[in-house]
There are 2 protein chains.
Amino acid sequence: MAKLKTERGTDKAVSARGYHHGNLRRALLEAALELAQQHGPERVSVREAARQIGVSPAAPFRHFPNRRALMTALAEEAGERLRIEVRKSMGGRERSPLQRLRLLGRGYLQWAMRHPSHFKIVSARDQIDLEGSIALRASIGEVRALTEQMLTEAQQQGQVDAAHRVPALALLSRATVYGLARMHQDGHLGQWGVAAGEEAVAMTDTLDLLIALMRRGPAV
Amino acid sequence: MAKLKTERGTDKAVSARGYHHGNLRRALLEAALELAQQHGPERVSVREAARQIGVSPAAPFRHFPNRRALMTALAEEAGERLRIEVRKSMGGRERSPLQRLRLLGRGYLQWAMRHPSHFKIVSARDQIDLEGSIALRASIGEVRALTEQMLTEAQQQGQVDAAHRVPALALLSRATVYGLARMHQDGHLGQWGVAAGEEAVAMTDTLDLLIALMRRGPAV
DNA sequence: ACCTGAACACCGTTCAAGT
DNA sequence: ACCTGAACACCGTTCAAGT
């Protein structure tokens, strides 16, 4: 059996009592995520996380300068997962660019629906420090790059009217997908005629509608 | 000169000292709004509002059962203003339905940009009780009704392809506008290639792009 | 009818002191 | 190097008591 190692490379068993915890940083992130899943990110408390781990209320501040830094670290992990999910769902070059853009959006929407806490954390701008996080900006940046790439290729292959600017098309795509995910999260879909349980189909149908509108009609 | 009356119909001057405040409810809403404008809605504190008014920390709870009810009341006022603004910006029937839909969206976006605190409050779902507020749901409902009405008329007049379902077109419109307003509020526009100071034009350009895609091209 | 004072159970954060 | 204990300045909310 392979030896389990802690991050520092010691072989000391993690479950032993009496030590200075060993990996409090990791434990804090996990406890905070669990709290976010239970009551929403805005109600994650550093003290409560410390309490659940069995450590003093001051201990977390050795690993995170403040609450916001904890939440930002959580958002970085969530953003990375989203980035990976989106990449995976697009598939490879055997598909058309517009089809891949659609799958990108679909992957984003499905991830947001399946992992509401994670999505809440990445989009909880008032709780995290987006400007200060290069990791988070990099994750978002890759999604944007992929979006623009698909649109550029779609125009080159005549799937999308080249009269429209790619950055504008990308922003429209992003606003639509982000708006749908947010409406879902904020509980607004019901107000817009989506029956309970029909959220998933309504969201993907809306995305499909945008893709259909972008697709160049039969040549005149 | 007309006599100014308080809500209870007494003529007692509001500025007099020593009374049981007279209109604490109104004063709380104003203090809370000011705090929201200063540090964001999530940092509005009932105690701080009471302090600024010069009343005990327990007094507010005579007028609002809890903090959430205060925030919801604030959101109701903001939602009503948004509804009025949107109605106004649409103009009358001398304009085409699709043009009016565009103006509706534009009015929404401009209001969100000009009154960021108010927009933050209406969209701060975790701080307010949307389900419990008929007023707020009514404001949102009217915006939705207007959106669907414009799209129905646009289809009848041949401006929009009748092959697409109106509720789907309405949801796409809403998601786009809400998404743009949210991206602006959440500080995501910079990440999507919008230069500082160009937010307003980028947002309306994106809306215009959606309207252009919805408009039926020259008949085949 | 409306407000105060005091209390309770919470926060985030700091800092000296312990191991 | 990492954590504790105690403290400080805050919260939201309740409740008896005051006017």
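The sequence lines fix the lettering, A, B, ..., with proteins before strands; numbering per chain opens at 1.
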Parsed dot-bracket for DNA chain D after applying the Watson-Crick and G-U rules with both distances under 3.5 Å and | for other-strand partners is ||.|||||...|||||.||

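- The pair A/Arg81-A/Glu77 does not meet the salt-bridge criterion, since no charged nitrogen lies less than 4.0 angstrom from a carboxylate oxygen.
- Annotation: side chain of A/Met183 is not in contact with side chain of A/Val194 (no heavy-atom distance under 4.5 Å).
- In this entry the distance linking CG of A/Leu24 with P of D/dC2 reads 10 Å, nearest Å.
- One finds the CE atom of A/Met113 at 10.5 Å from the CG atom of A/Leu180 (value rounded to the nearest 0.5 Å).
- Remark on DNA chain D: of its neighbouring residues A/His63 and B/Ala58, the 5'-side contact belongs to A/His63, judged by nearest-heavy-atom nucleotide.
- If you check D/dT4, C/dG12, C/dC3 against the side chain of A/Val55, the one that comes closest is D/dT4.
- B/Arg62 places its CZ atom 12 Å from the P atom of D/dA16, with the value rounded to the nearest Å.
- Within the structure, side chain to side chain donor-acceptor pair (under 3.5 Å) contacts touching residues 188-202 of chain B (residues at least two apart or in different chains) do not occur.
- Using a 4.0 Å cut-off between charged nitrogen and carboxylate oxygen, A/Arg165 and A/Glu148 do not count as a salt-bridge pair.
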For A/Gln185 and A/Ser123, run side chain to side chain donor-acceptor pair (under 3.5 Å): C-alpha distance rounded to whole Å, both residues' side-chain angles, the deciding distance at 0.1 Å, then the answer. CA-CA 10 Å; A/Gln185 182 196 286; A/Ser123 58; 3.3 Å; yes

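- Atoms CG and CE, on A/Leu209 and A/Met214 in that order, are 11.0 Å from each other to the nearest 0.5 Å.
- Within the model, atoms CD of B/Gln149 and OG1 of B/Thr152 stand 7.5 Å from one another, a figure rounded to the nearest 0.5 Å.
- Between atom CZ of residue A/Phe61 and atom CG of residue A/Leu28 there is a gap of 10.0 Å, rounded to the nearest 0.5 Å.
- No side-chain heavy atom of B/Glu85 sits less than 4.5 Å from a side-chain heavy atom of B/Tyr108.
- The stretch residues 123-130 of chain B has no heavy atom under 4.0 angstrom from DNA chain C at all.
- Across the protein-nucleic acid pair, A/Ile53 atom CD1 and D/dT4 atom P stand 11 Å apart, rounded to whole Å.
- Using a 4.0 Å cutoff on non-hydrogen atoms, no part of residues 64-75 of chain B comes near DNA chain C.
- The distance from atom CZ of A/Arg182 to atom NZ of A/Lys120, rounded to the nearest 0.5 Å, is 10.0 Å.
- Using a 4.0 Å heavy-atom distance criterion, B/Arg51 is classed as a sugar-phosphate-only contact.
- Counting heavy atoms of neighbouring residues, nucleotides and ligands inside a 6.0 Å radius, atom CZ of B/Arg51 exceeds 12 of them.
- The distance from atom CD of B/Gln52 to atom P of D/dC11 is 11 Å, rounded to the nearest whole Å.
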Let me have the donor-acceptor pairs involving side chains of residues 65-76 of chain A, under 3.5 Å, with sequence neighbours excluded, atom names and distances please.
| from | atom 1 | to | atom 2 | distance (Å) |
| --- | --- | --- | --- | --- |
| A/Asn66 | OD1 | A/Arg68 | N | 3.3 |
| A/Asn66 | OD1 | A/Ala69 | N | 3.0 |
| A/Arg67 | NH1 | A/Val44 | O | 2.2 |
| A/Arg67 | NH2 | A/Gln127 | OE1 | 2.2 |
| A/Arg68 | NH1 | A/Ile128 | O | 2.6 |
| A/Arg68 | NH2 | A/Asp126 | O | 2.8 |
| A/Thr72 | OG1 | A/Arg68 | O | 2.7 |
| A/Thr72 | OG1 | A/Asp129 | N | 2.9 |
| A/Glu76 | OE2 | A/Ser133 | OG | 2.7 |

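- Residues from residues 28-50 of chain B placing a heavy atom under 4.0 Å of any atom in DNA chain C, listed by number, are B/Arg47.
- A straight line from CG of A/Asn23 to C1' of D/dC3 spans 15 Å, rounded to a whole angstrom.
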